[in-house]
Amino acid sequence: MTQPFYVSPEQLMKDRADFARKGIARGRSVVVIGYEGGIAFVTENPSRALHKISEIYDRIGFAAVGKYNEFENLRVAGVRYADLRGYSYDRSDVNARGLANAYAQTLGSVFTTESKPLEVEIAVAEVGSGQSGDQIYRLGYDGSVADESGYVVMGGAADQLGHRIGESWRLGLTLAEALVLAVGTLGTDSSGKQRRIPAPELEAAVLDRSRRRRTFRRLDAGALAELLDSGAAGGPAGGAGT
Amino acid sequence: MTVGAREQYPDRLPAAFTRPGSASFVEFLASYAPDLLPGGSHGGDAGQVVTGSPHATTIVAVALDDGIVMAGDRRATMGSAIAHRHMEKVFAADEFSAIGIAGTAGVAVDLVRLFQLELEHYEKIEGTLLSLEGKANRLGAMVRGNLGLALRGLVALPLFGGYDPASRVGRIFSYDVVGGRYEEIEYHSVGSGSVHAKGSLKKLWRPGMSVSDGVEAVVHALMDAADEDSATGGPDVERGIYPIVARVDDDGYQRVSDAELAQVVARLLELPERRRQV
């Protein structure tokens with residue numbers, strides 16, 4: 001009987017993590033950014049049909065990077081989780097923390113027990129009554145959860161892009177300023193060079209604090225272009241790569 | 001290995017949640033938690049008839065050229081007693097449709113809640129709205145799912161109407177207990193006062209009615225029904241309780257305000273046929 005080669009647990013986990021990280025880095029980044037009136041989600045996505053950003057519940061939104069079929073599956077599960085909870089209790093009893101926990105358990109269990117980890121990274125955001133009440137959770141491929149404040153960048157060059165946003169992000173940004181910052185960041189490559197991403201190639205949505213029940217709203221290309229123009233003209237937070 | 005994984009991670013989302021395929025919340029509920037469905041596992045003797053629960057009564061709707069108006073009175077009765085004076089029986093099913101319900105109140109309200117969620121769930125999962133016809137068919141299937149309860153005397157029948165953004169017309173659908181779906185043209189009414197309301201609407205409905213004409217027609221029909229049917233409540237001017245009236249058109253579902261209804265009611269109360277006493 002042949003003895004299988006011994007592989008240390010450290011090595012096993014590292015291999016899986018490398019595998020997942022490679023898959024995630026291939027996709028385009030997603031930015032989730034808080035602003036005065038809510039939370040905005042922006043990504044470069046030329047497809048009108050295959051969304052990377054989605055509504056989960058009244059005040060909860062979802063964004064993901066990585067393999068489409070894998071995060072689409074998790075998105076549907078999240079909608080079912082939220083709707084079931086809201087149906088059996090009340091709409092106000094559905095919160096992002098519970099959902100983030102369920103996602104974390106799922107990602108973690110797949111990472112350690114199944115043959116291949118999920119090549120996805122997920123952000124779950126819940127808009128509060130004020131900007132201090134906003135919650136943004138970032139979920140890694142291994143089930144790690146991070147409670148982020150203000151903004152999250154996921155995908156390939158997440159660390160670098162996150163650093164760029166961190167320099168300019170502050171409380172009380174307007175929607176236009178936040179979008180300019182997010183789009184400018186998405187258009188920055190590893191050497192720091194900027195390109196302008198045209199509005200039709202962006203997918204953007206907001207959780208709008210002022211709306212009464214379902215706060216999620218997609219921004220179509222026209223509305224987005226208008227906001228980006230007004231944001232670029234308006235403030236020092238501009239810099240959409242002119 | 002999978003079983004072990006589930007034991008190790010009890011909070012992991014169950015397999016039913018990640019199963020691809022269905023955009024229907026009702027189907028998901030039926031497979032994952034059937035006991036949460038109205039009429040699910042209520043046990044008891046199937047032949048036993050349940051009596052003594054509140055009843056919701058009359059709903060009316062009229063079709064306009066480019067939308068509908070739907071209205072419901074506010075009364076719920078239990079036998080000969082008035083159970084509720086403020087009951088709401090007309091709801092927004094989603095942005096472009098309205099649902100009104102008559103029959104056993106508890107069952108009916110559950111049906112509406114589930115139907116609203118069904119449409120929202122589809123919209124979130126598919127990223128697009130169901131067609132008006134699709135919504136009407138879905139509701140038919142849900143009414144049929146209620147047949148077990150209906151056989152035990154707990155009947156709830158909806159009246160469904162909405163605006164179809166594609167064809168830019170308003171349409172009305174009625175249902176029977178086995179889930180049969182019938183498209184109604186011009187106007188329709190369900191509930192205990194519906195005979196009288198329909199008689200009234202027959203005289204009031206005209207082609208090409210405006211929204212305000214439509215609102216006046218449905219309020220008028222409800223007042224006529226309340227005149228003849230003790231289970232239908234008329235406008236209660238003293239307490240300021242007015243019917244729930246909603247319009248659905250290009251702008252989506254909108255409730256007509258009580259202030260506006262108060263004016264309509266005041267005008268109708270002045271009509272000569274309401275003042276003959278001898």
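Ring orientation note: the planes of B/Tyr32 and B/Phe28 are close to parallel, at an angle under 30° on the 30°/60° scale. Taking the six-membered ring for Trp and thresholds of 30 and 60 degrees, B/Phe96 and B/Tyr163 have ring planes inclined between 30 and 60 degrees apart. In this pair, B/Phe160 and B/Phe115 present their aromatic rings perpendicular. The plane angle is above 60°, beyond the 30 to 60° band.
A donor atom on one side chain and an acceptor atom on the other are not found under 3.5 Å apart for A/Thr215 and A/Arg59. Using modelled atom types, one finds no donor on one side chain facing an acceptor on the other under 3.5 Å when comparing B/Asp164 with B/Ser131.
Of all the listed residues (A/Glu72, A/His51, A/Arg91), the one sharing the greatest number of non-hydrogen pairs under 4.5 Å with chain B is A/Arg91. Of the listed residues (B/Leu114, B/Thr128, B/Leu29), the one with the most heavy-atom contacts under 4.5 Å to chain A is B/Leu114. Ranked by heavy-atom pairs under 4.5 Å with chain A, the first of B/Glu120, B/Glu123, B/Arg19 is B/Glu120. No other option in A/Asp83, A/Leu84, A/Leu74 has as many heavy-atom pairs under 4.5 Å with chain B as A/Asp83.
Of the atoms belonging to A/Phe216, not a single heavy atom falls under 4.5 Å from chain B. If you measure heavy-atom distances from A/Arg214 to chain B, the contacts under 4.5 Å come from the side chain alone. Of the two parts of A/Leu107, neither the backbone nor the side chain holds a non-hydrogen atom closer than 4.5 Å to a non-hydrogen atom of chain B. Interface remark: B/Ala23 contributes no atoms to any contact with chain A (heavy atom separation under 4.5 Å).
Checking side-chain atoms of A/Arg138 against main-chain N and O of A/Ile122 turns up no donor-acceptor pair under 3.5 Å.
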